[in-house]
Asks: 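The structure that follows is given in the form of structure tokens.
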Amino acid sequence: MSNGTLIVGGSQAGLQVAVSLRQLGDTSPIILVGEEDHQPYQRPPLSKEFLAGEAALDSLAFRTPDFYADSGIDLVCGERVSEVSLSTSGPPGSGVAMTASGRELPFNRLALTVGAGARRLPLPGADLGGICYLREYNDAADLRTQLSTATNVVVVGGGFIGLEVASAARSLGRSVTVVEAAERLMARSVGTVISEFYRQAHLRRGIDVRLSSAVSGFQGEHGRVTGVTLSDGARLPADLVLVAVGVLPRTELAEQLGLMCDQGIVVDAHARTSDPSVVAAGDCTVQPHPITGQGRVRLESVQNAVAQAQVAAATLLGRLDTVMSVPWFWSYQGDLRLQIAGLAAGYDTQVVRGDPADEHFSVLYYRHDRLLAVDAVNRPADYMTVRKALGQGASIAPDRAADPDIPLRSLVGGPAPAAPAVQRAEA
């Protein structure tokens with residue numbers, strides 16, 4: 001077989017690069033290599049439907065096993081690429097990779113879709129049994145098994161994953177405490193109104209929420225966790241702990257290649273790394289703001305993985321398409337469905353539609369009267385309207401948006417004001 005495209009990382013982005021190459025007419029060989037033993041699957045349900053016992057691994061697979069052979073995609077599972085080097089004499093972007101098992105993979109084109117790993121807590125007792133992380137299927141399967149017999153669950157981290165797991169654990173009747181070091185929940189992702197709403201909503205559902213609380217260590221007996229110690233000396237009983245304090249982009253191979261990395265693999269709007277012959281996509285990257293093109297953002301979402309991978313595939317084929325895509329995210333925490341469109345970083349005005357006490361409301365964010373984003377709780381029509389408006393470059397008058405009796409779609413106006421400069425942000 002002649003050399004073709006090597007895609008390192010069996011992620012959503014990795015599979016999308018392969019699929020997009022075929023959709024764009026590429027007929028050269030494609031090798032997709034993933035560390036996990038499982039074929040590429042959906043990750044978001046791991047902290048929701050899968051943990052609640054409502055989904056099995058088979059239902060999470062993106063494609064049937066036959067798809068890969070039928071599409072001419074050589075899927076290699078259970079192999080970790082440990083080394084990669086670019087040729088100094090061959091065509092730009094060509095080279096060879098080695099797996100940990102010693103397999104040699106020559107390539108003419110390279111895409112890095114290596115994702116991110118769970119951030120670990122290097123604290124006393126962190127290696128005790130019963131302390132879990134959630135990033136991959138095996139993590140979720142282990143967590144689901146342990147959750148079935150747990151009594152006291154402590155979730156370290158009040159972000160999307162932590163709160164989704166806390167909701168699932170509470171629905172199973174477990175005693176649940178969420179410990180968050182920041183002053184509010186989901187601080188990286190949502191505004192203050194949403195943070196406070198979720199704090200109160202989880203309290204109403206029987207989840208203890210501790211803000212501005214750092215973990216200093218874990219206690220255990222017979223090799224298994226029995227408690228969590230906070231920095232103020234308080235001790236929480238725990239026979240199961242989920243640590244959900246964010247992720248670290250996997251940049252090892254990029255650094256090996258001498259590519260620019262800054263809290264992720266730095267790419268441009270065409271998914272090109274600092275070596276333009278190599279592309280990267282997904283959670284491992286930092287990229288220009290997808291709407292304004294300014295600054296750099298790191299986006300951990302299905303939407304971004306897919307959109308960026310589509311651009312990366314086009315770039316590998318020499319097509320430098322310019323694509324503006326509106327970022328969107330979601331977090332389903334029990335019966336609370338949060339949907340986000342756009343990026344609110346840098347907002348100076350927020351407009352609340354509806355009453356948070358009703359658990360059906362939304363918050364629109366503006367900067368200099370320019371619509372930036374929406375956080376919608378159990379209000380999907382508002383979410384879809386803002387997402388569509390942002391995609392069209394349109395705006396919604398903030399002075400009328402606060403009236404929940406006026407359908408938001410009727411307020412979508414003409415082009416938004418010119419965007420002011422946006423500083424570096426993460427979302």
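Remember, it's a predicted structure, so these values are computed and weren't measured experimentally. Each residue takes its place number in the sequence, starting with 1.
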Asks: Please report the closest heavy-atom contact between Gln146 and Cys132, naming both atoms and the distance.
Replies: NE2-SG, 3.6 Å

Asks: Look at the side chain of Ser362 and the backbone N and O of Asp375, then say whether any donor-acceptor pair between them is shorter than 3.5 Å.
Replies: no

Asks: For the residue pair Ser325 and Ile291, what are the closest heavy atoms and their distance?
Replies: O-CG1, 4.1 Å

Asks: Mind listing the closest non-hydrogen atom pair of Pro29 and Asn3 along with its distance?
Replies: CD-O, 4.2 Å

Asks: Restricting to non-hydrogen atoms, name the atom on Val190 and the atom on Tyr365 that form the minimum distance, rounded to 0.1 Å.
Replies: C-OH, 4.4 Å

Asks: Just by distance, do the side chain of Thr177 and the backbone of Val154 share a donor-acceptor pair under 3.5 Å?
Replies: no

Asks: Does Arg120 qualify as a cation-pi partner of Tyr133, given the criterion of NZ or CZ under 6.0 Å from the six-membered ring centre and within 45 degrees of its axis?
Replies: yes

Asks: Would a 4.5 Å heavy-atom cut-off, applied to side chains only, mark Gln333 and Met186 as touching?
Replies: yes

Asks: Rounded to the nearest 0.5 Å, how far does NZ of Lys388 lie from CE of Met384?
Replies: 8.5 Å

Asks: Please check this pair: side chain of Arg103 against backbone of Ala97, looking for a donor-acceptor N/O pair closer than 3.5 Å.
Replies: no

Asks: Are the side chains of Val153 and Leu242 in contact, using a 4.5 Å heavy-atom criterion?
Replies: no

Asks: Please determine whether side chain to side chain contact (heavy atoms under 4.5 Å, CB included) holds for the pair Arg184 and Glu196, giving the CA-CA distance in whole Å, both sets of side-chain angles, and the decisive distance to 0.1 Å.
Replies: CA-CA 7 Å; Arg184 59 188 183 91; Glu196 178 58 16; over 6 Å; no

Asks: Taking the side chain as C-beta and beyond, is there a heavy-atom pair between Thr385 and Ile396 under 4.5 Å?
Replies: yes

Asks: For Tyr332 and Trp330, take the angle between the two ring planes, folded into 0 to 90°, and tell me which bin it lands in: parallel under 30, tilted 30 to 60, perpendicular over 60.
Replies: tilted

Asks: Please tell me if the side chains of Ser395 and Arg370 come closer than 4.5 Å, counting only heavy atoms from C-beta onward.
Replies: no

Asks: Between Leu240 and Gly130, what is the shortest heavy-atom contact and its length?
Replies: CD1-O, 3.4 Å

Asks: Apply salt bridge (charged side-chain N to carboxylate O under 4.0 Å, His left out) to Arg205 and list each qualifying residue two or more places apart in sequence or on a separate chain.
Replies: Asp335, Glu359

Asks: Do Val96 and Ser85 have side-chain heavy atoms sitting under 4.5 Å apart?
Replies: yes

Asks: With Gln308 as reference, evaluate Gln16, Gln303, His270, Gln287 under the side chain to side chain donor-acceptor pair (under 3.5 Å) test and give the passing residue.
Replies: Gln287

Asks: For residues Glu252 and Gln256, is any side-chain donor paired with an opposing acceptor at under 3.5 Å?
Replies: no

Asks: Rounded to the nearest 0.5 Å, how far does CZ of Arg367 lie from CG of Asp369?
Replies: 12.0 Å

Asks: Keeping the roles fixed (side chain from Thr292, backbone from Gln294), state whether a donor-acceptor pair exists under 3.5 Å.
Replies: yes

Asks: Identify which one of Leu75, Ile7, Asp74, Leu6 satisfies the side-chain contact (heavy atoms from CB on, under 4.5 Å) criterion when paired with Ile30.
Replies: Ile7

Asks: Are any of the side-chain nitrogens in Glu35 or Arg80 under 4.0 Å away from the carboxylate oxygens of its partner?
Replies: no

Asks: Are any of the side-chain nitrogens in Asp26 or Arg109 under 4.0 Å away from the carboxylate oxygens of its partner?
Replies: yes

Asks: Go through Phe50 and Tyr137 one step at a time and tell me if the ring-ring contact (aromatic ring centres under 6.0 Å, His included) criterion holds.
Replies: CA-CA 9 Å; Phe50 178 84; Tyr137 169 78; 5.3 Å; yes

Asks: In a check of salt bridge (charged side-chain N to carboxylate O under 4.0 Å, His left out) between Asp382 and each of Arg353, Arg409, Arg337, which one passes?
Replies: Arg353

Asks: Side chain to side chain contact (heavy atoms under 4.5 Å, CB included) between Val377 and Tyr198: does it pass, once the steps are laid out?
Replies: CA-CA 10 Å; Val377 178; Tyr198 270 89; 4.0 Å; yes

Asks: Working to the nearest 0.5 Å, report the span between CG of Asp58 and NE2 of His38.
Replies: 10.5 Å

Asks: Which distance, rounded to the nearest 0.5 Å, do you find between the CG of Leu24 and the CZ of Arg319?
Replies: 5.0 Å

Asks: Quick one: pull up CD1 in Ile265 and CG in Leu253 and give me the separation to the nearest 0.5 Å.
Replies: 8.0 Å

Asks: Strictly distance-based, threshold 3.5 Å: is any side-chain N or O of Gln39 a donor or acceptor partner for the main-chain N or O of Arg63?
Replies: yes

Asks: If you apply the rule side chain to side chain contact (heavy atoms under 4.5 Å, CB included), what do you find for Val19 with Phe67, and how did you get there?
Replies: CA-CA 10 Å; Val19 169; Phe67 166 81; 3.8 Å; yes

Asks: Can any side-chain N or O of Thr273 pair as donor or acceptor with the backbone N or O of Val278 at less than 3.5 Å?
Replies: yes

Asks: Counting N and O atoms only, with roles assigned by atom type, does the side chain of His360 sit under 3.5 Å from a partner on the main chain of Asp358, one being a donor and the other an acceptor?
Replies: yes

Asks: Would you check if there is a donor-acceptor pair between the side chains of Asp275 and Ser277 at a distance under 3.5 Å?
Replies: yes

Asks: Run through Ile161, Val215, Val179, Val156 and flag the one making a side-chain contact (heavy atoms from CB on, under 4.5 Å) with Val245.
Replies: Val156

Asks: Are Leu172 and Leu147 close enough, and set up right, to give a side chain to side chain contact (heavy atoms under 4.5 Å, CB included), and what steps lead you there?
Replies: CA-CA 9 Å; Leu172 294 172; Leu147 196 53; 3.7 Å; yes

Asks: State whether the side chain of Ser331 and the backbone N or O of Leu338 hold a donor-acceptor pair below 3.5 Å, judged by distance alone.
Replies: no

Asks: May I ask you to check whether Phe160 and Phe329 place their ring centers less than 6.0 Å from one another?
Replies: no

Asks: Any chance you could measure Leu372, atom CG, to Leu343, atom CG, to the nearest 0.5 Å?
Replies: 8.5 Å

Asks: Does a side-chain heavy-atom distance below 4.5 Å link Leu371 with Leu364?
Replies: yes

Asks: Between Ser213 (side chain) and Leu211 (backbone), is there a donor-acceptor pair under 3.5 Å?
Replies: yes

Asks: Mind checking whether Pro276 and Asp268 have side chains closer than 4.5 Å, heavy atoms only?
Replies: no

Asks: Measure from the side-chain N and O atoms of Asp403 to the backbone N and O of Arg400, and report whether any donor-acceptor pair falls under 3.5 Å.
Replies: no

Asks: Are Glu164 and Leu134 close enough that some pair of their side-chain heavy atoms sits under 4.5 Å apart?
Replies: no

Asks: Considering all heavy atoms of both residues, which atom of Leu112 and which atom of Cys284 are nearest to each other, and what is their separation?
Replies: O-SG, 3.8 Å

Asks: Would you call Glu300-Arg188 a salt bridge at under 4.0 Å N-O?
Replies: yes

Asks: Do NZ/NE/NH1/NH2 and the carboxylate oxygens of Arg135 and Asp283 come within less than 4.0 Å?
Replies: yes

Asks: If you count every heavy atom of other residues, nucleotides or ligands that lies below 6.0 Å from Met98 atom CE, does the total exceed 12?
Replies: yes

